[in-house]
Amino acid sequence: MLTESSIDMILRFSRASKSKTYSGVAADAFGGAGSNILQACIVVNNLGMLVVYMIIIGDVLSGTSVDGFHHGRVIEEWFGQNWWTTRSALLLFTTFFVFAPLISFKRVDSLRYTSALSVALAVVFVAITAGVVIVKLMEGKIGMPRLMPKLVNQASFWKLFTTVPVVVTAYICHHNILPIENELKDPTQMKSIVRKSLTLCTSVYIATSFFGVVLFGDHTMDDVLANFDGDLGIPYSSLLDDLVRVSYGLHLMLVFPIVFFSFRLNVDGLLFPYAIPIAFDNKRFFSITIALMGFILMGASFVPSIWDAFQFTGATAAVCVGFVFPAAITLRNIPGIATKNDRLISWMMIFLAVSTSTVAVTSDIYSIFYVDEGIPS
């Protein structure tokens, strides 16, 4: 609900200020400094997301280690151990043969078919998980899952708030709203598109978490994909494991260029604020694209886990992009179109964003030192 409200604010104020970009709306409200801060937040948020996507893709293709236990490698299971089945080699192949062609498009409209396919693959992931749960329920192999978290001490309670950045990041699409609206034949459809998209995403999120917890119970991991590397307790278990991991890996590969599109656009806006649009300058377009892709590849190689990237970008930059800036723009109200209800929602949005993010960041920092002291978190 907050995401829909914040996106509606961006759309209304962009039309009132005749701005074609989110940063343009921020500039209208707060000047060049406000625009630069917003663009920096989008860059940090999108960089974190893209690194996370790359890490998950690497985990799906070449495996991951959790708590000292190594979880299956899809490509290695199929083709054995070779130099080209290593994590670094597979990520390079993915970059050159999947990402390179898709991130070379200059219009977000060019990605409509790959984006639709990515949604279909996410549904496949949910459908397979739901199917396994239904079969095991019919066979009486699934018990009642634990409904409440285990709170052994004060630290474990505060650690619950570290999930906030993940949830927030899952709903951050604000940086792509205006580029998509600008390419629609009928821009008035945008509000309906946003509502349907949020409904679809929420349904997929809830279904994934619900069936994941029912299927794996107390053994459900932070990265539920890591659970799909063993016997699921039904026929063709190995095949289903591979289908789940591969479908989700392909889903992320096709989502990647959508996030990269706005990432590149905002990096260019920060570096070359007065230049012609990047789509009309081939040299600048491909130079920035290659540099950013190389930086993401390096980030995926050195960031130890997706949790590290999610925790801090989600609690800071993502919150600013999704909630703080739309609310601040509405409260600033330069075009004079904000209603009393808009101002009330804006203050609530800022309060929730700042309070939950403060707790999440504090909990993240505390848990780091807590573990270092040798006490289980």
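When reading the values below, keep in mind they use all heavy atoms of this one structure, side chains included, and skip hydrogens, waters and symmetry mates. This chain uses plain numbering: 1 for the first residue, then up along the sequence.
- For N182 (side chain) and L178 (main-chain N/O), a donor-acceptor pair under 3.5 Å exists by modelled atom type.
- Rounded to the nearest 0.5 angstrom, L90 CG and L61 CG are separated by 5.5 Å.
- Between the side chain of S357 and the backbone N or O of V354, no donor-acceptor pair lies under 3.5 Å.
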Show which side-chain atoms of residues 32-43 pair as donor or acceptor with protein atoms under 3.5 Å away, not counting sequence neighbours.
{"unit_1": "S35", "atom_1": "OG", "unit_2": "S23", "atom_2": "O", "d": "3.3"}
{"unit_1": "N36", "atom_1": "ND2", "unit_2": "G32", "atom_2": "O", "d": "3.3"}

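- Applying the side-chain hydrogen bond (donor to acceptor under 3.5 Å, both in side chains) test to pairs two or more places apart or on separate chains, none has a residue in residues 88-97.
- Every residue was checked against the side chain to side chain donor-acceptor pair (under 3.5 Å) condition with T208, not counting sequence neighbours, and none meets it.
- Note that the CZ atom of F13 and the CG atom of D8 stand 10.0 Å from one another [nearest 0.5 Å].
- With a 6.0 Å radius and a threshold of 12 heavy atoms from other residues, nucleotides or ligands, K20 has its NZ atom at or below the threshold.
- Under a hydrophobic-cluster definition in which Ile, Leu, Val, Met, Phe, Trp and Tyr are linked whenever side-chain heavy atoms come within less than 4.5 Å, directly or via other members, F256 and F295 are assigned to the same cluster.
- Residues satisfying the side chain to side chain contact (heavy atoms under 4.5 Å, CB included) criterion with L292, sequence neighbours excluded, are F260, F263, R264, V267, I288.
- A search for side chain to side chain donor-acceptor pair (under 3.5 Å) contacts involving N46 returns H175, S262, not counting sequence neighbours.
- A 4.5 Å side-chain heavy-atom check between F125 and V224 finds at least one atom pair inside the cut-off.
- Within a 6.0 Å sphere centred on CZ of F96, other residues, nucleotides and ligands contribute 12 heavy atoms or fewer.
- Its side chain within the 4.5 Å cluster rule, M144 clusters with L147 among the Ile, Leu, Val, Met, Phe, Trp and Tyr residues.
- M138 belongs to a hydrophobic cluster whose remaining members, ordered by chain and number, are I134; membership requires side-chain heavy atoms of ILVMFWY residues under 4.5 Å apart, directly or through intermediates.
- A 4.5 Å side-chain heavy-atom check between M54 and F99 finds at least one atom pair inside the cut-off.
- Judged as a side-chain hydrogen bond (donor to acceptor under 3.5 Å, both in side chains), not a single pair has a partner in residues 113-129 (not counting sequence neighbours).
- Contact annotation: the side chain of V132 never approaches that of V244 to less than 4.5 Å [non-hydrogen atoms, C-beta and beyond].
- Under the side chain to side chain contact (heavy atoms under 4.5 Å, CB included) criterion, K18 pairs with no residue, sequence neighbours left out.
- Among residues two or more places apart in sequence or in another chain, the side chain to side chain contact (heavy atoms under 4.5 Å, CB included) test is passed with V246 by V74, W78, L250.
- Looking only at side-chain heavy atoms (C-beta outward), I329 and F30 come within less than 4.5 Å of each other.
- Sorted by first and then second residue, the pairs that involve residues 193-218 and meet ring pair (Phe, Tyr, Trp, His ring centres under 6.0 Å), not counting sequence neighbours, are Y171-Y205, F216-F228.
- Between R12 and D342 there is a side-chain heavy-atom pair separated by less than 4.5 Å.
- Hydrophobic cluster of V213: no remaining members, since no ILVMFWY side chain lies below 4.5 Å from it.
- Ion pairing between a basic and an acidic side chain is recognised when a charged N comes within 4.0 Å of a carboxylate O; R15 and E181 show such pairing.
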